[in-house]
**Student:** 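There's a structure below that I have some questions on.
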There are 2 protein chains.
Amino acid sequence: MDPHLLRTFVAVAECGSFSAAAARLGYTQSAVSQHIAALEHDLGTPLLHRRPVVPTPSGERLLEHAGPILLRLDAARADVRRTIADPPGALTIAASPLAASHLAIALREVRRSRPGTEVALTVCGRAAVTEGVAAGEFDLGLVDGIAAPSDPLRLSDAGSLRTTAVAHEPLVLALPKDHPLARRRGLALHDLANARWIDAPDLAAPLSTLRTAAGSDAFRPALTYTGTDLHSLLTLVAAGHGLAVLPQSAASAGIAAVPVTTPRLVHRIELLHGHLTEPAATALASVLSGESDDE
Amino acid sequence: MDPHLLRTFVAVAECGSFSAAAARLGYTQSAVSQHIAALEHDLGTPLLHRRPVVPTPSGERLLEHAGPILLRLDAARADVRRTIADPPGALTIAASPLAASHLAIALREVRRSRPGTEVALTVCGRAAVTEGVAAGEFDLGLVDGIAAPSDPLRLSDAGSLRTTAVAHEPLVLALPKDHPLARRRGLALHDLANARWIDAPDLAAPLSTLRTAAGSDAFRPALTYTGTDLHSLLTLVAAGHGLAVLPQSAASAGIAAVPVTTPRLVHRIELLHGHLTEPAATALASVLSGESDDE
DNA sequence: GGCTATTACGGAAATCGTAACCATG
DNA sequence: CATGGTTACGATTTCCGTAATAGCC
């Protein structure tokens, strides 16, 4: 299972086409075909249906592993290269949108403990944060997600990463102010399984997470929102296009926010780091989780 | 970074010798030398000192990644092959020694929910359990370890595994009955940093774990015990050969057991599964963590 | 018939073993 | 000088591109 073969396999699965994957990888269709054939021969089973190109059950299984493996391979290379490169001037920090509120605190701590350090900030989707930190593209990451009160976040590819909890916050259901449920003091998620949901996986709680949390197959999106702008999502909710689950602090004036009481879930922010020295990271984490809202 | 190269790299690092690694892998010394040279060329830095053969700092870094990567590769292959093999007759369960107390409960639940299923049980070291489950050798694993009260276990290679907490229990220090500390009601770990310790990494809390938990470089073993037999470890402790940290329930008549109060740590048992359907696993986990001591 | 995957084939490159070579203890 | 890692070199295999072939809308 050569990583090259795995890489073309995921490319083909993503593109849904041998030729498109070939173009993306700089191979010929023939080479891609040979790669897939080699993988299928090696594993002794078809991995893709052709025409249309869709993974078989075995292929699905392999796909689940391939991404993390390739990511970890990159992380290993980045990690080794870092030991030979001279220490970078800039410290890079990435955060998912709903974790970005902690960026300012993190930044202040960095300025205090390492004055003069050049800092680069990035806000991007959760996957991009974890992958970037794993691959050494960022030094630090702040990701948010939902989890049971004292459980860690189920980060997809956190294989080589250290994580530290940084903040917890109640979850609320965001809904239009005139919604029948808007006056409720609290509600159970699974009563809303068949409501109109907006899936904003890069921003709010992804519906797939709600499904696993609620142990239900419902929570199907009426609308999918790709983007990281909180304000526009809230506008969509206010206009009645659907519901979303958010951390309490993300709610704003235009919408109603009702606490989600069942199941017991919280919005959680974690600090990720792949290679920072342990003391530096824990110092930062303690500042992030403490109330350093002085000045 | 071909997996073959990584595999020979870890083999060389473990053997401390090119030729020994070659013998182990069925290559010639020459091939091994070429593998290492290729890796070093690819990463642009020496990975091993020669004569004696010891990893460089870069090599250390790579080693940290190589094991999990190779394991995950095996797990992927096993996972795919499972989708094409007909469903196995027997359900295989592995447990580390101090988690084995829960085997009986797990077994009862399996017998109840899937009557007639053939079950195979194995008790082995923690690493063997996690690696075996990851590689698909076992369907289920029960591992124990120590962690902060509601933290997950820091499992080395749990990349592709789901984990569920199953049991918590106080930690005690096992010491001879006539030891000066034997009458204490509780004690702080770091006061004991320089005591005579027995390291029994496959059985009790490994000293390396204590070191990270206590943030200390002390806790050096006066004696290392390789094996999984609780009784013989307790005999060693009773005879005054050294101390060990155990879950409360593992203590027995022959020794004194004093609760470890600082830092706040518990003995924890987790259920691992790599590929079982989620409902089946959570059902099992809930039975394991509940008090199902009826009948 | 157009689009796309597969197969056939040839040249380039990589892989591994034999054997000669060197360095260290 | 002996043990053990490195280098040289050649046979074998693998890999990838071109081009011809075959299967599905």
Side-chain angles (χ1 to χ4, degrees), chain A residues 1-60 62-63 66 69-70 73 76-77 80, chain B residues 1-60 62-63 66 69-70 73-74 76-77 80 84:
Chain A
M1 289 209 307
D2 188 316
H4 293 117
L5 304 189
L6 286 181
R7 182 157 274 133
T8 82
F9 174 63
V10 315
V12 170
E14 281 175 8
C15 296
S17 149
F18 282 50
S19 21
R24 185 163 116 188
L25 298 170
Y27 287 127
T28 61
Q29 302 96 320
S30 166
V32 169
S33 183
Q34 292 176 53
H35 278 190
I36 302 299
L39 255 185
E40 293 183 328
H41 175 81
D42 178 28
L43 294 172
T45 181
L47 298 169
L48 293 167
H49 295 293
R50 319 297 152 97
R51 232 183 276 275
V53 173
V54 177
T56 63
S58 302
E60 299 270 14
L62 184 60
L63 268 181
I69 288 172
L70 294 173
L73 239 9
R77 158 168 269 112
V80 169
Chain B
M1 291 210 304
D2 187 317
H4 293 116
L5 304 188
L6 286 181
R7 184 157 272 134
T8 82
F9 174 64
V10 315
V12 171
E14 282 175 8
C15 296
S17 151
F18 282 49
S19 20
R24 186 162 114 187
L25 298 171
Y27 286 127
T28 65
Q29 302 98 318
S30 168
V32 169
S33 183
Q34 292 176 52
H35 278 191
I36 302 299
L39 254 185
E40 293 183 328
H41 175 80
D42 177 28
L43 294 172
T45 182
L47 298 170
L48 294 167
H49 295 294
R50 320 294 152 99
R51 232 183 268 274
V53 173
V54 177
T56 63
S58 301
E60 299 270 13
L62 184 59
L63 269 181
I69 289 172
L70 294 172
L73 240 8
D74 288 345
R77 159 169 269 111
V80 169
I84 53 177

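Per chain, numbering begins at 1; letters A, B, ... match sequence-line order. Quantities reported herein were computed from a predicted structural model and do not represent experimental measurements.
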**Student:** For the pair made of NE2 in B/H49 and P in D/dG5, what is the distance, rounded to whole Å?
**Tutor:** 15 Å
**Student:** Counting side-chain heavy atoms from CB outward, which of D/dC16, D/dG5, C/dA5 is closest to B/R51?
**Tutor:** D/dG5
**Student:** Have a look at the helix from C/dG1-D/dC25 to C/dG25-D/dC1 and give the angle its two end axes make, five pairs each, rounded to 10 degrees.
**Tutor:** 30°
**Student:** Should B/S17 be listed as having a side-chain N or O under 4.0 Å from OP1 or OP2 of D/dG4?
**Tutor:** no
**Student:** Figure out the CD1/P separation between B/I36 and D/dT6, and round it to whole Å.
**Tutor:** 9 Å
**Student:** Does a side-chain N or O from B/S30 land closer than 4.0 Å to OP1 or OP2 of C/dA19, or not?
**Tutor:** no
**Student:** For the pair made of CZ in B/R50 and C1' in C/dC22, what is the distance, rounded to whole Å?
**Tutor:** 15 Å
**Student:** Taking only side-chain N and O atoms of B/Y27, does any of them lie within less than 4.0 angstrom of OP1 or OP2 on C/dG17?
**Tutor:** no
**Student:** Can you check whether any acceptor in the base of D/dG5 is under 3.5 Å from a donor in the side chain of B/Q34, or vice versa?
**Tutor:** no
**Student:** Please check the phosphate of D/dC16 (OP1 and OP2 only) for any side-chain N or O of A/H35 closer than 4.0 Å.
**Tutor:** yes
**Student:** Rounded to whole angstrom units, what separation is found between the NE2 atom of B/H4 and the C1' atom of C/dA14?
**Tutor:** 13 Å
**Student:** Per the atom types in the model, does the base of C/dT18 pair as donor or acceptor with the side chain of B/T28 at under 3.5 Å?
**Tutor:** no
**Student:** Determine whether any donor atom in the side chain of B/S33 lies under 3.5 Å from an acceptor atom in the base of D/dT7, or the reverse, and answer yes or no.
**Tutor:** no
**Student:** Would the distance check show the side chain of A/T56 and the main-chain N or O of A/P46 forming a donor-acceptor pair, the cut-off being under 3.5 Å?
**Tutor:** yes
**Student:** So, A/E40 side chain and A/L47 main chain: donor-acceptor pair closer than 3.5 Å or not?
**Tutor:** yes
**Student:** What closest approach, in Å, do B/P3 and B/L70 show between heavy atoms, and which atom pair accounts for it?
**Tutor:** O-CD2, 3.8 Å
**Student:** Hey, does the side-chain of B/Q29 have a donor or acceptor N/O within less than 3.5 Å of a partner on the base of C/dG17?
**Tutor:** no
**Student:** Assuming nearest nucleotide by heavy-atom distance, tell me which of A/G26 and B/F18 is located more 5' along DNA chain D.
**Tutor:** B/F18
